[in-house]
Structures are given as structure tokens and as C-alpha cells.
Amino acid sequence: MGVLRLLVLVGLIAGVVAAGCSRKDETARTQESSSPRTSASLPTTGSATTAGGSSAQILVELRQHEIELAQIVEQGRLTEVHGKVAVIGKLLAKAPDRATDLSDASRAQLRKRAAASAKMADALHDAGDTGDLSASKIHFGHYQAELREIENILSAGSLVR
């Protein structure tokens, strides 16, 4: 019975957070001078160029690209690693300026982590370029750990406001 209560509580918290993010996104849309965003305007798997946005939007994009990269590495499609890492790198480079809901301190942390992740990305795509699956998996693990830190910064920004 305790597990059921915990699951219900987690579900309620997730609903409240999602509702808060939805309201925040609606407020941001009405404040923007450009046309409102829809889910259709979010970048596709090959794009990381959406202008503006919240840390929650960036987090969704980052996680989607990370899932795709994990599949690429797991399936040994190493010739595709370089391209996917480049897309993530572009997303991370623009993230501090796009995440309009982050504090200055969080943006500084995000810039620092993005720079650190770029070094890890270099090692990952070098391993992919040489066709070394074992090294690619190891470097992907390190890269993924750095992406977790970035996701933590973005998650905190999407909950505060």
C-alpha cells in the first residue's frame, strides 16, 4: 500500500510541475513579439537552432538528442557519432542565451559545463571516427555524465521562477 501512495504522490508532483511549466511557457509566448511556438516548431533530430525558449524546452531537445546518440553508439553506427555530437554541441553552445529563465549564475555554470562537454565530445567523436566501439562506449559514458550535470542545471532553471 505504501508503494501505491508513493506512486500517486510522484504522479501528483509531476502533474503540478508540468502544469507550472505549461503556464510559464504560455506566459513566455505572450511576452514574445514573435509568433507563438508550437510543438511543430521545435527542432527536429538534425537541428539545434530554435531561437529563445525556456530551460525546459532545451532540456527536452537535449534529452532527445542524447537518446538518439545512445542508440547510435549502442548499435555501433560509429560513422553517425560525429554528426550527432555536433548537433548536441550546437545546442549546448546556444543554451545559455536561449534559456531565458535561468539566473546569471546558472547561465555561467551552463557555459562552463558546455565547454567541458565539448572536450568530452571531441574524445567521443574521435573514437567514433576511428571505428573503436569499445572506446566510443567509454567516452559516451563520460559524455553522458557531463550531460547529466547540464540537465541538472536546466532542470533547476525550469522549476524556479
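This structure is a prediction, so every number in the text was calculated from the model and none was measured.
Residues meeting the side chain to side chain contact (heavy atoms under 4.5 Å, CB included) test with I67, sequence neighbours left out: Q71. For the salt bridge (charged side-chain N to carboxylate O under 4.0 Å, His left out) test, residues two or more places apart in sequence or in another chain that qualify with E151 are R63, R148. D122 meets the side chain to side chain donor-acceptor pair (under 3.5 Å) test with H125; sequence neighbours excluded. With sequence neighbours excluded, the residues forming a salt bridge (charged side-chain N to carboxylate O under 4.0 Å, His left out) with E80 are R77, listed by chain and number. Partners of D132 under the side chain to side chain donor-acceptor pair (under 3.5 Å) rule, at least two apart in sequence or in another chain, do not exist in this structure. For T79, there are no side chain to side chain contact (heavy atoms under 4.5 Å, CB included) partners at least two apart in sequence or on another chain. A127 pairs by the side chain to side chain contact (heavy atoms under 4.5 Å, CB included) definition with A135, S136, H139, not counting sequence neighbours.
Residues L124 and L69 form a side-chain contact, since some pair of their non-hydrogen atoms from C-beta on lies under 4.5 Å apart. Residues E61 and R98 have side chains in contact (heavy-atom distance under 4.5 Å, counting atoms from C-beta outward).
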Show me the donor-acceptor pairs within less than 3.5 Å that the side chains of residues 109-117 make with the rest of the protein, sequence neighbours left out.
| residue | atom | partner | partner atom | Å |
| --- | --- | --- | --- | --- |
| R111 | NH2 | D97 | OD1 | 3.0 |
| R113 | NH1 | E146 | OE1 | 3.2 |
| R113 | NH1 | E146 | OE2 | 3.1 |
| S117 | OG | A114 | O | 2.8 |

- Query: Do V85 and Y143 pass the side chain to side chain contact (heavy atoms under 4.5 Å, CB included) test, and can you show the C-alpha distance, the side-chain angles, and the key distance before you say yes or no?
  - Reply: CA-CA 10 Å; V85 168; Y143 188 54; 4.3 Å; yes
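Across L92, I88, V60, a single residue satisfies side-chain contact (heavy atoms from CB on, under 4.5 Å) together with H65, and that is I88.
Every pair tested for ring-ring contact (aromatic ring centres under 6.0 Å, His included) that includes a residue from residues 102-123 fails, sequence neighbours excluded, so the list is empty. Screening residues 89-113 for ring-ring contact (aromatic ring centres under 6.0 Å, His included) gives no qualifying pairs among residues at least two apart or on separate chains.
Distance alone, capped at 3.5 Å, places no donor-acceptor pair between the D101 side chain and the S54 backbone.
One finds the CD1 atom of I58 at 11.0 Å from the CD1 atom of I150 (value rounded to the nearest 0.5 Å). Rounded to the nearest 0.5 angstrom, L133 CG and Q75 CD are separated by 11.5 Å.
The two residues L154 and S55 have their closest heavy-atom pair at O-OG, 3.2 Å.
Other residues, nucleotides and ligands contribute at most 12 non-hydrogen atoms within 6.0 Å of the NZ atom of K119.
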